[in-house]
Amino acid sequence: MSSTALFVGLAAMQVLTGSLNTIFVKLADDSKSENSVGVNAWFDHPFLQAASMFLGEMCCMLVYFLYSAIRKEKAEDSVEGVIKFQNPRHGYLFFIPAMCDMVATSMMYVGLTWTTASSFQIFRGSLIIFTGLLTVIWLRKKLEWFKWLGMFVILGGLAITGVGDLSAPKECFAANMNLTANASESFHMYSRIDISTGTFGAMLTTDDEDCAAESSGTLGKGLVGDMLIIAGQVVMAFQGVYEEKILVNYDVNPLLAVGWEGLFGFSVLSILLVPFGYWKVGDYWSHGPNGYFEDALDAFAQLRNNGNNVLIWFICTIFSIGFFNFAGMLVTKKMSATTRTVLDSVRTVVVWVLFMSLGREPFTTQSLAIKVVGFMVVVSGVFLFNNILFVPMAKKCLKKDK
């Protein structure tokens with residue numbers, strides 16, 4: 001296989017698996033299935049979904065062992081100045097990154113239940129800002145001027161995207177809504193529509209006062225969802241900087257690293273699901289019909305009943321995250337980290353276009369235009385930060401002038 005074909009294949013795999021991961025998680029969120037109390041309800045279990053992500057990462061460790069067994073390579077001598085990773089002796093090094101990943105993923109998945117898939121992808125761009133700041137504060141590194149400029153541009157793009165979310169139609173998250181055939185010409189409305197009806201882009205009405213009351217407060221939930229996603233990026237930035245500061249001294253296979261983080265994350269989160277299932281919280285933060293912070297037993301009941309193929313989306317999430325981590329590792333190794341950054345931007349477009357084409361993203365003409373501008377500004381900031389396109393073009397123009 002030629003190098004060009006290999007690069008194209010890796011790029012396509014990175015975009016496809018990354019897009020599918022967000023798509024499968026959101027499809028599960030927007031699926032109805034009979035729960036533990038016999039009600040056909042939305043699958044609202046972000047912490048169990050986060051656990052499934054770690055299960056997918058654990059699969060990377062199995063792939064590593066299979067790969068090692070097939071190749072049967074002898075252990076290589078450690079590179080000078082780098083400590084050879086001894087498995088499982090050095091596995092503990094990945095405990096702190098795994099805990100960061102667990103907190104960040106849980107926050108983002110809760111946020112995803114309250115906001116759109118496109119906003120979820122766009123707000124993840126704030127990771128660069130927090131990573132840059134932590135690099136300066138913690139690692140005592142200096143950032144070039146274009147990196148600072150890129151961070152400010154990204155911040156502006158995120159603010160524009162937030163304005164777009166504010167002007168978009170609001171969603172109703174109650175489980176007892178009725179669909180009508182009345183479509184609106186002024187905007188296309190999506191509010192977690194039952195997939196089995198095959199009806200998208202329809203207005204939602206309800207006779208239930210609770211749903212109407214919740215709709216009036218959905219604006220707050222949308223903003224909280226965006227804020228949770230951004231807060232998750234702060235934790236992920238700490239995770240990335242920690243790995244750079246501590247683990248750069250160890251020669252470890254990326255598949256094994258991902259596998260260790262998956263093992264720690266899945267183990268700890270699985271244990272936490274037990275007290276979460278007894279922790280009574282208000283309706284705002286509860287996930288399940290009984291008012292618990294995370295009702296895993298209710299989630300298993302919905303998965304068993306498999307309404308709207310929610311079990312299929314759940315299993316697909318596990319495999320997609322495993323392939324995504326594997327693809328990301330190969331792209332970084334065979335191509336570059338900046339290439340991976342560009343591909344992440346393409347990912348956002350794929351997710352956005354798909355959900356809009358299905359009518360599963362609430363928007364007006366105004367809100368769509370604002371979010372498109374916000375996305376373009378964020379991507380421009382990402383390109384600036386990674387010294388892609390703009391800065392090289394400016395340098396070339398300056399050289400020609402001289």
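- A side-chain N or O of Lys371 and one of Ser119 form a donor-acceptor pair less than 3.5 Å apart.
- Interatomic distance, CH2 of Trp138 versus CG of Leu134, reported as 8.0 Å (0.5 Å rounding).
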Stepwise side-chain contact (heavy atoms from CB on, under 4.5 Å) check, Leu143 with Met151: CA-CA 11 Å; Leu143 296 181; Met151 288 162 59; 3.9 Å; yes
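- With no hydrogens or angles considered, no side-chain donor-acceptor pair links Thr113 and Asp29 at under 3.5 Å.
- For Thr135, there are no side chain to side chain donor-acceptor pair (under 3.5 Å) partners at least two apart in sequence or on another chain.
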field: Stepwise side-chain contact (heavy atoms from CB on, under 4.5 Å) test for Asn35 and Asn40
entry: CA-CA 6 Å; Asn35 62 16; Asn40 199 35; over 6 Å; no
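- Not one N or O on the side chain of Lys280 forms a donor-acceptor pair closer than 3.5 Å with the backbone of Tyr292.
- The two atoms that bring Pro289 and Val37 nearest to each other are CB-CG2, 3.8 Å, heavy atoms only.
- When the ring pair (Phe, Tyr, Trp, His ring centres under 6.0 Å) test is applied to Phe130, no partner is found at least two apart in sequence or on another chain.
- Distance CZ/Phe383 to CD1/Ile154: 11.0 Å, rounded to 0.5 Å.
- Closest approach of Ser33 to Val310, counting heavy atoms only: CB-CG1, 4.1 Å.
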Show me the donor-acceptor pairs, under 3.5 Å and distance only, between side chains in residues 88-110 and residues at least two apart or in other chains.
| residue | atom | partner | partner atom | Å |
| --- | --- | --- | --- | --- |
| Arg89 | NH1 | Gln86 | OE1 | 3.2 |
| His90 | ND1 | Gln86 | N | 3.0 |
| Asp101 | OD1 | Thr105 | OG1 | 3.0 |
| Thr105 | OG1 | Asp101 | O | 2.8 |
| Ser106 | OG | Met102 | O | 2.8 |

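- Taking the ring pair (Phe, Tyr, Trp, His ring centres under 6.0 Å) definition, one finds that Phe65 meets it with nothing, sequence neighbours left out.
- Between atom CG of residue Asp226 and atom CG of residue Leu112 there is a gap of 10.5 Å, rounded to the nearest 0.5 Å.
- Annotation for Leu255 and Val63: closest pair CD1-CG1, 4.0 Å, computed over non-hydrogen atoms.
- Here salt bridge (charged side-chain N to carboxylate O under 4.0 Å, His left out) pairs that include residues 122-136, with residues two or more places apart or in two chains, number zero.
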Side chains of residues 256-267: which donor-acceptor partners sit under 3.5 Å, not counting sequence neighbours?
| residue | atom | partner | partner atom | Å |
| --- | --- | --- | --- | --- |
| Trp260 | NE1 | Asn87 | OD1 | 2.8 |
| Glu261 | OE1 | Gln239 | NE2 | 3.3 |
| Ser267 | OG | Leu263 | O | 2.7 |

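- Take Trp285 and apply the ring pair (Phe, Tyr, Trp, His ring centres under 6.0 Å) test, not counting sequence neighbours, and it matches Trp114.
- If you take CD1 on Ile160 and CZ on Phe375, they are separated by 13.0 Å, rounding to the nearest 0.5 Å.
- The CD1 atom of Ile312 sits 10.0 Å away from atom CZ of Phe24, with the distance rounded to the nearest 0.5 Å.
- No side-chain donor-acceptor contact under 3.5 Å links Thr131 to the backbone of Ile128.
- Under the ring-ring contact (aromatic ring centres under 6.0 Å, His included) criterion, no residue pair touches residues 142-168, with sequence neighbours excluded.
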query: For Leu16 and Phe324, what are the C-alpha separation, side-chain angles and deciding distance, and is it a side-chain contact (heavy atoms from CB on, under 4.5 Å)?
result: CA-CA 8 Å; Leu16 179 63; Phe324 174 64; over 6 Å; no
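- Between Lys26 and Thr115, the shortest heavy-atom contact is NZ-O, 2.8 Å.
- For Phe293 and Tyr278, the ring centers are positioned 6.0 Å apart or more.
- In terms of modelled atom types and a separation under 3.5 Å, the side chain of Asn305 and the main chain of Ala301 share a donor-acceptor contact.
- Arg347 contributes no side-chain N or O that, together with a main-chain N or O of Val15, makes up a donor-acceptor pair within less than 3.5 Å.
- For the pair Ser31 and Trp313, the minimum side-chain heavy-atom distance is below 4.5 Å.
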task: Evaluate side-chain contact (heavy atoms from CB on, under 4.5 Å) for Phe43 paired with Leu303, printing each intermediate quantity in order.
output: CA-CA 9 Å; Phe43 187 76; Leu303 290 172; 3.9 Å; yes
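- Here side chain to side chain donor-acceptor pair (under 3.5 Å) pairs that include residues 294-304, with residues two or more places apart or in two chains, are Ser36-Asp298, His45-Glu294, His45-Asp298, His45-Gln302, Asn290-Asp295.
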message: Between Thr364 and Ser367, is the side chain to side chain donor-acceptor pair (under 3.5 Å) condition met? List the steps.
response: CA-CA 5 Å; Thr364 63; Ser367 68; 3.2 Å; yes
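- Side-chain atoms of Thr22 and Gln121 form a donor-acceptor pair, as typed in the model, at a separation below 3.5 Å.
- In this structure the side chain of Leu48 reaches within 4.5 angstrom of the side chain of Phe314, judged on heavy atoms.
- Taking each heavy atom of Thr317 and Ser52 in turn, the nearest pair found is CG2-OG, 4.0 Å.
- Between Cys316 and Leu20, the closest side-chain pair of non-hydrogen atoms is not below 4.5 Å.
- Contacts of Phe323 classified as ring pair (Phe, Tyr, Trp, His ring centres under 6.0 Å), with partners at least two apart in sequence or in another chain: none.
- The distance from atom NE2 of His287 to atom CZ of Phe47, rounded to the nearest 0.5 Å, is 6.0 Å.
- Annotation: side chain to side chain donor-acceptor pair (under 3.5 Å) contacts of Ser126 (sequence neighbours excluded): none.
- The two residues Ile122 and Leu158 make their nearest non-hydrogen contact at O-CD2, 3.5 Å.
- Residue pairs meeting the salt bridge (charged side-chain N to carboxylate O under 4.0 Å, His left out) criterion with at least one partner in residues 126-144, sequence neighbours excluded, are Lys141-Glu244.
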